[in-house]
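Counting starts at 1 for both ligands and their atoms, following the listed order.
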Amino acid sequence: MESVDVLALLHLVPEILFVLEKTPEKGWVISFITPSVKRLGFTPASLRQKPFISLFSKESQKVLDQTLRAFKGREMKLGLRVHLKRRDGKTVPATLGMALVATATPRAYGVLTLLSQLSVVDRILNQIDVGVLLVDQRLRARYANRYVRRLFSSNGLPVQLPDYLKQVIQEYIKEKDSRENLEIHTPDGRVLGLSLYPLKSTRNGRRPEWVMILKDITEKKMIQETLVRLDRFSSFGILASGLAHEIKNPLAGMRLIAQNLMRSLEGKPRDSVERMIRQIDRIDHLIKQFFSFVKPKVQQLRDVSLPQVWEELLPLVQERVTKNKVELRVSLDPSHVIRVDVNHIQQILLNLVLNALDAMPRGGTLTLRSEQVQRQFPDRPEQEWIRIVVEDTGYGMDPEQLDKIFVPFFTTKSSGTGLGLYIVHQLVQENKGYIFVESEKGKGTRFELLFPRSKGGD
Ligand code: ADP
Ligand code: MG
């Protein structure tokens, strides 16, 4: 800092610039700091040779201490959110950026920006529930609001755009035109909604930058897809139950006639009529069963712990598991207690597990796990959820097949009924849960159930 001119200039910057040195006795100490530190109530002279972390609040000290301890070689830390301690003891939020260099005495150069100095726009953009990102022509992030930083789990700037996103955007920005409502599928199975707008350069012919608006729409998509499926099949359900109703009356008539016929055939061979009556009774039984599927009723809501359910289920499937050489991976947490009808949850899981086993005739892995998740469904914002995942590495399904699986009587198996998933769906709904499914032909299938976490259980 020999140049007087530079020093004079430094008086003007609102940010707090600093140089640190690592000393054996006191760790990282301040060897230079700009006069702007007066904003915190200190004079530069009073801070010289003081430990750097003494500028920060307790919480920030912990984070910084770790960062500084872990440092070796050469690195940049940018956009760390910290709290500075003013001389009067109050804390103020700031962002910290610094470059650390290991020389004979390790040094750091950096800047602290008080958030109160950041633009109002930035503060507003950090409050909203969509991502706002500014990128340059080479797809480097120039600005990212909090939503984006969270989405790409980055502590601060510079946000690194993931490669899949770069690839997609690269295509679009060639056309130099805005694009809206693009859907991007991330490698980890999420769906991002994306709109792109070019910011036309005004000054000295700079290349345009792009504003990107991003939103994670995974949940929305899932619900939408389920709703579409549900809609289609609920009209099917109504149709089918209407039809069943129409069949019942003529069937009762037929049975009556057949019985009269029986009587009038006293003493003559009449086993064909007997057979007819048996067939009529079979249809009648089927229809009765169908009605009981259409309206499953919750019998008794109870707090049910998932490992218990599995304990009772395992004996029912163990033989098939062994026979199919399927590896079981079960991790159900005893603290995951859901409020459902215990018979229903058993039937749901049994059906999903049996289907998974059917899909792996020559072995594979069946995963059953539970986790607590946060989901914001518009009608039940406060609810906590337990997610149960039933996943197989079996033959999977293509999209057309996937579309039909909840439709009653849809089956691809020679001895299937096609009622399993239909019932599962009904039961999940009856117990106020949600069911989602993803599948890929040749790879496997994953069912996800969401049930309300019991308030009593912990
Ligand atoms: P069923 O098992 O009697 O065929 P379901 O309603 O249980 O009837 O399932 C309907 C169809 O959905 C199955 O025939 C199969 O094609 C498909 N299916 C269900 N679960 C899976 C799975 N885990 N893997 C692959 N396909 C599945
Ligand atoms: Mg089945």
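- Residue Y395 has no N or O atom closer than 3.5 Å to an N or O atom of ligand 1.
- At least one donor-acceptor pair under 3.5 Å links the side chain of N145 to the backbone N or O of L125.
- Of the protein's non-hydrogen atoms, I405 CG2, 3.3 Å is the one closest to atom 12 (O) of ligand 1.
- Between F410 and F406, the distance separating the two ring centers is not shorter than 6.0 angstrom.
- A distance-only check finds no donor-acceptor pair linking the side chain of D271 to the backbone of E274 [under 3.5 Å].
- Ring planes of Y434 and F436: parallel class, angle under 30° (limits at 30 and 60°).
- Among residues two or more places apart in sequence or in another chain, the side chain to side chain donor-acceptor pair (under 3.5 Å) test is passed with T186 by D188.
- In terms of modelled atom types and a separation under 3.5 Å, the side chain of N431 and the main chain of G433 share no donor-acceptor contact.
- Closest to atom 8 (O) of ligand 1, if we only count protein heavy atoms, is G418 CA, 3.2 Å.
- Within the structure, salt bridge (charged side-chain N to carboxylate O under 4.0 Å, His left out) pairs that include any residue of residues 412-423 comprise D358-K413 (at least two apart or interchain).
- Comparing M360, K413, H425 against atom 2 (O) of ligand 1, the shortest heavy-atom distance belongs to K413.
- Every heavy atom of N351 sits 4.0 Å or more from the atoms of ligand 1.
- With hydrogens left out, the protein atom closest to atom 4 (O) of ligand 1 is T411 OG1, 2.6 Å, a heavy atom.
- Listed by chain and number, the protein atoms of type N/O/S under 2.8 Å from the Mg ion (ligand 2) are N355 OD1; waters are omitted.
- Ligand 1 has no nitrogen or oxygen under 3.5 angstrom from a nitrogen or oxygen of D358.
- The residue among F447, F410, Y422 with a heavy atom at the shortest distance from atom 10 (C) of ligand 1 is F410.
- Between V353 and F447, every side-chain heavy-atom pair lies at or beyond the 4.5 Å cut-off.
- Under the 3.5 Å distance criterion, the side-chain polar atoms of T365 are left unmatched by any main-chain donor or acceptor of E327.
- Atom 15 (C) of ligand 1 has its nearest heavy-atom neighbour, among T412, L366, L352, in T412.
- The protein heavy-atom contact nearest to atom 7 (O) of ligand 1 is N355 ND2, 2.8 Å.
- Of the heavy atoms in L421, both backbone and side-chain atoms come closer than 4.0 Å to ligand 1.
- Regarding atom 17 (C) of ligand 1, its nearest protein heavy-atom neighbour is M397 SD, 3.7 Å.
- Salt-bridge annotation for R255 and D281: present, with a side-chain N of the basic residue lying under 4.0 Å from a carboxylate O of the acidic one.
- The shortest N or O to N or O distance between D392 and ligand 1 is under 3.5 Å.
- The shortest distance between side-chain heavy atoms of L68 and I53 falls below 4.5 Å.
- Under a 4.0 Å criterion applied to the non-hydrogen atoms of Q401, ligand 1 contributes the atoms 16 (O).
- Within the 3.5 Å criterion, the main-chain N or O of I213 finds no donor-acceptor partner in the side chain of S195.
- With a heavy-atom cut-off of 4.0 Å, V424 does not touch ligand 1 at all.
- In this view, R146 satisfies the side chain to side chain donor-acceptor pair (under 3.5 Å) rule with no residue, not counting sequence neighbours.
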